[in-house]
> 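Encoded as structure tokens, here's the structure I'll be asking about.
Numbering of ligands and ligand atoms starts at 1, following listing order. Throughout, residue positions are numbered sequentially from 1 according to the sequence presented.
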Amino acid sequence: MGKVNRDEILNILNGYNKDEITIATLASHSSLHMLKGAQEEGFHTAVVCEKGREVPYQRFRVVDDFIMVDEFKDIVNDEVQDELRNMNSIVIPHGSFVAYAGLDRVENDFNVPMFGNRDILRWEAERDLERKLMVESGIRIPQKYGDPSDIDRTVMVKFPGARGGRGYFVASSTEEYHEKIDSMLKRNWIGEEDVALAHIEEYVSGCNYCIHYFYSALNDEVEVLGMDSRYESNIDGVCRIPAKDQLDVGLDPSYVITGNHPVVMRESLLPQVFDIGDKLVDGAKKLVPPGMNGPFCLQTLVNDDLEVIVFEMSARSDGGTNTFMDVSPYSYLLFGEFMSMGRRISREIKTGISEDNLDVIIT
Ligand code: AMP
């Protein structure tokens, strides 16, 4: 299995009728505003939808054509790919698209033009690559501990895989780390293989801001389009219990995302916000050419020294963009009109079509 051939993708794109481009995605994650934004920019829209999941897309009237499949992962099937190409589709990736289609198949046999940089998706999915990109870009991230015996302050322990924030825990010493690991092993919450892959990092005590950037490869500019903060279960519920009762109820905190709040940051922090966005874009150009292209998100914690510390990155549209399906304070500042992340993507594609340089932004 070889990598998707860029020349083949460009050939497919050349064969498309540019007056009848369809913006397509998988019916999940942040697709509602991507499709709405595409409609606002005058595109035809299509969605690949698992049977039984179609109601929101019908009821919000954001889809012109449904491609129904038994399972989301069927988006990579040959017939579905044919159908997408027949509609002159440009596919917008998002977190669920990558999770269901599978990174290997997106890289190796999804022969449909996509918006963004296909190669960078692996860099956000694998913790070591993600860390390399952030370190080499020179942005402040939590300190990593190679060995539990080195723990010298409060740390957060994370496990790999698609378990979200389930099972993450906080420990303040090597002993506490081992106690909690042993108790989780006994309860079969984790296995020895998870322990070997446990990621230990400095616990940052601060407020959460997830910053939604858009890098316009056509204008060579980093835009800040919105910010959200996470609503996580059960940690946000536990915080509503008075401290003395928290000890009695004995709940183990988890960090499973259930929703997002829109948020704005103290204005004096915005220079740091632009600085880290610019640095990441520069770093990505060197490490994963051509680099960022379109939406990316930096999940940060701001401590009381007013440092913006990045603990996670997405190199595509993040679910928190759903907090501005219409407009955010920041996208309003820049555009003065309704501008969701989805609409911004479609506007970039529209510009690519009118300036005849779609090849710069399609992968
Ligand atoms: P993640 O799976 O890395 O997105 O983390 C899930 C949640 O855990 C975040 O939204 C934060 O609430 C929390 N978190 C992650 N990393 C840290 C950290 N280094 N310090 C404090 N809290 C963290």
> Check if N208 has a non-hydrogen atom at a distance under 4.0 Å from any atom of ligand 1.
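Not so, N208 does not reach ligand 1.
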> Out of K132, R131, R316, which one pairs with E124 under the salt bridge (charged side-chain N to carboxylate O under 4.0 Å, His left out) rule?
R316
> Side chains of T258 and S233: any donor to acceptor distance under 3.5 Å?
no
> For ligand 1, which atoms, with element, lie under 4.0 Å from some heavy atom of M156?
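It comes down to these atoms of ligand 1: 8 (O), 13 (C), 14 (N), 15 (C), 16 (N), 17 (C), 18 (C), 21 (C), 22 (N), 23 (C).
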> Just going by heavy-atom distances, which of R230, E232, E130, R127 is nearest to atom 11 (C) of ligand 1?
E232
> Which atoms of ligand 1 are found less than 4.0 Å from any heavy atom of E312?
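Answer for ligand 1: 1 (P), 2 (O), 3 (O), 4 (O).
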> Does the N or O separation between Y255 and ligand 1 drop below 3.5 Å for any pair?
no
> For Q299, take its heavy atoms, then give the atoms of ligand 1 lying under 4.0 Å from any of them.
4 (O)
> Compute whether any side-chain donor of one residue and acceptor of the other, for R85 and S89, lie under 3.5 angstrom apart.
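Short answer, no.
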> Who else is in the cluster with Y332 when I, L, V, M, F, W and Y are joined by side-chain contacts under 4.5 Å?
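Members besides Y332, by chain and number: V327, F338.
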> Please list, chain by chain and in numerical order, all residues satisfying side-chain hydrogen bond (donor to acceptor under 3.5 Å, both in side chains) with E337, sequence neighbours excluded.
R347
> Side chains of D228 and Y209: is there a donor and an acceptor less than 3.5 Å apart?
no
> Under a single-linkage definition using a 4.5 Å side-chain heavy-atom cutoff for Ile, Leu, Val, Met, Phe, Trp and Tyr, are I92 and I120 assigned to the same hydrophobic cluster?
no
> How does F311 reach ligand 1, if at all, at less than 4.0 Å between non-hydrogen atoms: by side chain, backbone, both, or neither?
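The answer is the side chain of F311.
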> Run the numbers for me: atoms of ligand 1, each under 4.0 Å from some heavy atom of E201, listed by number.
16 (N), 17 (C), 18 (C), 19 (N)
> Does an N or O from Y168, backbone or side chain, lie closer than 3.5 Å to an N or O of ligand 1?
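Looking only at distances, the answer is yes, because the N/O contact criterion of under 3.5 Å is met.
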> Side chain or backbone of E202 under 4.0 Å from ligand 1, or both, or neither, by non-hydrogen atoms?
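Within the 4.0 Å criterion, E202 contacts ligand 1 through backbone atoms alone.
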